[in-house]
Novice: 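Once you've had a glance at the structure underneath, I'll fire off some questions.
Treat the numbers as computed from the prediction; the structure is a model and nothing was measured. Order of the sequence lines sets the chain letters (A, B, ...), proteins ahead of strands, with each chain counted from 1.
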Amino acid sequence: MAKLQAIRGMNDILPGQSQGWQFLEGIFHSVVRRFGYQEIRFPVLEQSSLFQRSIGELTDIVEKEMYTFEDRNGDKLSLRPEGTAGCVRAAEQHGLLYNQQQRLWYQGPMFRHERPQKGRYRQFHQFGVEAFGMAGPDIDAEVIKLSAQLWRDLDLIHHLTLEINNIGTASDRKSYSAALTGYLKQHSRALDDDARHRMYSNPLRVLDSKNAQVQAILQEAPVLANFVSPQSREHYEQLKSLLADLDIAFVENRHLVRGLDYYNNCVFEWTTLELGAQGAVCGGGRYDGLVEQLGGKATFACGFAMGIERLVLMLESLEKIPHDALKSIDVYILGADPDDAAQSQKLASAIRQQYPRLGVISHCGGGKSKAQIKRAYNLGATAVITLLADSDPACASIRRLDQSGGAETLEINSLVEQLGRFL
RNA sequence: GUGACUGUAACUCAGUUGGUAGAGUCCCGGACUGUGACUCCGGUUGUCGUGGGUUCGAGCCCCAUCAGUCACCCCA
């Protein structure tokens, strides 16, 4: 039988890495809690049409990156490539959006069939936040502030830059697109194939071309900001002033566009220089048209999603995962004599009962005490306990694994009582 | 989807012009140390990613395939 291996671009997260994930998840949970957001969970699999209608038929995600297949009933299904569509579907289906405000968050795996690369995988994970029923710009600012709070708590704030832009309403973009296509047509001989193709299918995406020649031509191109309606512009100006009031630094990027069609007005992206080519760590914005587009009542909405793998990568390379998070246990009970097994397990139980936050391992299997102590040390234990055979009443010695202090022998009951002294 | 590079013990790697594999770490045992971390001695570990081909003979050459890395592209 051939060696079993994971599907390309789908990673196993092993002990040693999972601590970083848990640290990140813990902070995320704490932040959404402090902002009053509630968790929503929805399926990994949806009707393909949900994503086609929300993300957009002509986007790369839908055109060539979705995992799509027919199930046994012949229904066309897709693994979710992002969270917003499913979140809106679930919220709408259960009436959460009808004349209501909602602050929701989710977390989980997403799937995109791309060529794997650093910070880019076929199964990847996102945290996301979606706020419904609020016209903004105060809610826009809140959502951005929530993300900024995360960076602060993770100590990543100095490694991230907030970029914002106003992409106007769908109809603003429509008239702008027409103007842009008209301009690009005049210069089509100087464009690359990619841009020539896109100037018709999705002209806005030509804006973030990395081709220097294309960028040069864009210098003289019509500017989206000039096509944006006064209301959008007003909204955007208010958001900028709110961000300033909240001490959130940002840069305006006139070429920032989103790869998903449902966004409108204010969009933003947090980027880093730490991850090579995959600099975007978190992206989001408003999508006031999406709920209606999916068959609901027109509903204001905004949110963001962030890539967990990318954040974990940053935390690892910048060594931001606290030492405590890497410890897996606190106390290791050495097992010298097989006859002590029951007593060792009982002692472990007593400690776990009385100190619910401590991790305790009672040694199983043979091995020299020297090797056991080494194992305890490598697991991050603070103290080791040795049961003393033939003592009456039952006694054990305990000592810290760092160099402070020697072993101390105590009766077992008082050892449990006084354990705190040694940790 | 395109390109470049890579794939040898659990880990990091070496392997010279093709002649059926080595080092360090880890692990195990022992010495020393007032029970891990330093030092010394000894020991285990591999279908050399997979499948074909060339050859008397391939880890080293050729083809295919799978996977990884980085970049393009795209995005989180």
Side-chain angles (χ1 to χ4, degrees), chain A residues 1-12 14-16 55 58-66 80-84 107-129 147 160 192-195 197-198 202 205 208-211 256-260 263 267-272 275-285 303-314 332 334-336 363 365-386 388 397-403 405-407:
Chain A
M1 185 167 161
K3 253 185 209 166
L4 292 171
Q5 55 182 348
I7 304 295
R8 179 169 216 199
M10 306 208 175
N11 298 315
D12 301 308
L14 305 176
I55 296 168
L58 295 175
T59 56
D60 279 17
I61 294 178
V62 169
E63 265 182 346
K64 46 196 190 196
E65 295 174 2
M66 279 212 294
R80 62 185 186 194
E82 57 103 43
T84 301
Q107 132 188 26
M110 309 293 165
F111 302 84
R112 262 127 94 158
H113 191 106
E114 298 182 271
R115 189 86 171 255
Q117 196 179 320
K118 182 178 188 179
R120 189 172 83 179
Y121 310 102
R122 290 186 174 181
Q123 173 174 336
F124 63 104
H125 297 76
Q126 290 188 331
F127 281 131
V129 150
S147 60
L160 291 164
D192 57 16
D193 291 346
D194 199 41
H197 170 67
R198 281 198 185 131
N202 201 342
R205 300 261 302 289
D208 54 9
S209 165
K210 281 175 187 166
N211 182 314
L256 177 65
V257 293
R258 307 269 67 215
L260 297 80
Y263 285 107
V267 297
F268 65 93
E269 198 165 289
W270 288 93
T271 60
T272 181
L275 292 177
Q278 309 303 322
V281 159
C282 172
F304 66 71
M306 59 183 68
I308 301 184
E309 280 83 354
R310 292 182 184 180
L311 288 167
V312 170
L313 245 26
M314 279 186 82
Y332 197 100
L334 302 174
H363 181 83
K368 291 260 159 195
S369 71
K370 178 174 171 172
Q372 293 182 30
I373 288 167
K374 194 169 181 183
R375 194 173 306 171
Y377 187 85
N378 289 336
L379 288 168
T382 304
V384 291
I385 294 175
T386 309
L388 301 180
S397 74
I398 177 170
R399 101 179 155 87
R400 288 180 59 95
L401 273 176
D402 59 20
Q403 276 158 338

Novice: Quantified in whole Å, what is the C1' atom distance between nucleotide B:rC28 and nucleotide B:rA10?
Specialist: 14 Å

Novice: For residues A:Leu160 and A:Met314, determine if any side-chain heavy atom of one lies less than 4.5 Å from a side-chain heavy atom of the other.
Specialist: yes

Novice: Please report the distance separating the P of B:rC62 from the corresponding atom of B:rU25, rounded so that it comes out in whole Å.
Specialist: 35 Å

Novice: In whole angstrom, give me the gap between the P atoms of B:rC13 and B:rU6.
Specialist: 13 Å

Novice: I'd like the P distance from B:rC48 over to B:rG52, given in whole Å.
Specialist: 13 Å

Novice: Determine the interatomic distance between C1' on B:rG24 and the same-named atom on B:rG15; round to the nearest Å.
Specialist: 15 Å

Novice: How long is the straight-line distance from CG of A:Leu401 back to OG1 of A:Thr382, given to the nearest 0.5 Å?
Specialist: 7.5 Å

Novice: Show the distances under 3.5 angstrom between N or O atoms of the protein and N or O atoms of nucleotides 32-35 of chain B.
Specialist:
from: B:rC32; atom 1: N4; to: A:Lys370; atom 2: NZ; distance (Å): 3.4

Novice: Using 0.5 Å steps for rounding, measure from the CD1 atom of A:Ile308 to the CG atom of A:Leu313.
Specialist: 12.5 Å

Novice: With sugar-phosphate meaning primed atoms plus P, OP1 and OP2, does A:Ala371 contact a base, only sugar-phosphate, or nothing at under 4.0 Å between heavy atoms?
Specialist: sugar-phosphate

Novice: Under a 3.5 Å cutoff on both atom distances, Watson-Crick or G-U, what's the dot-bracket for RNA chain B ([ ] crossing, | other strand)?
Specialist: (((((((..((((........)))).(((((.......))))).....(((((.......))))))))))))....

Novice: Take atom C1' in B:rG59 and the same atom in B:rU2, then report the distance between them in whole Å.
Specialist: 30 Å

Novice: Could you tell me how far B:rU20 sits from B:rC60 if I compare only their P atoms? Round to whole Å.
Specialist: 14 Å

Novice: For the residue pair A:Pro109 and A:Arg80, establish whether any side-chain heavy-atom pair is separated by less than 4.5 Å.
Specialist: yes

Novice: Report yes if the side chains of A:Glu309 and A:Lys118 come closer than 4.5 Å at any heavy-atom pair, otherwise no.
Specialist: no

Novice: Measure the shortest side-chain to side-chain distance between A:Pro81 and A:Met110 over non-hydrogen atoms and say whether it is less than 4.5 angstrom.
Specialist: no

Novice: Nearest 0.5 angstrom please: A:Gln117 CD to A:Gln278 CD, how far?
Specialist: 4.5 Å

Novice: If you define the side chain from C-beta out and look only at heavy atoms, does anything of A:Arg122 sit under 4.5 Å from A:Ile7?
Specialist: no

Novice: With a cut-off of less than 4.0 Å, is there a side-chain N or O of A:Lys374 near OP1 or OP2 of B:rC28?
Specialist: no

Novice: Relative to the ring of A:Phe304, is the ring of A:Phe268 parallel (under 30°), tilted (30 to 60°) or perpendicular (over 60°)?
Specialist: perpendicular

Novice: Considering only side-chain heavy atoms of A:Gln5, which listed nucleotide, B:rC66, B:rC27, B:rG29, is closest?
Specialist: B:rC66

Novice: Are A:Arg310 and A:Arg120 side-chain neighbours, meaning at least one heavy-atom pair lies under 4.5 Å?
Specialist: yes

Novice: Could you measure between the two C1' atoms, the one in B:rU8 and the one in B:rG22, and give it in whole Å?
Specialist: 10 Å

Novice: Output one letter per nucleotide in nucleotides 69-76 of chain B: B when a protein non-hydrogen atom lies under 4.0 Å from the base, S when only the sugar-phosphate is that close, - when neither is.
Specialist: -SBBBBBB

Novice: Compare all side-chain heavy atoms of A:Leu311 with those of A:Met306 and state whether any distance is below 4.5 angstrom.
Specialist: yes

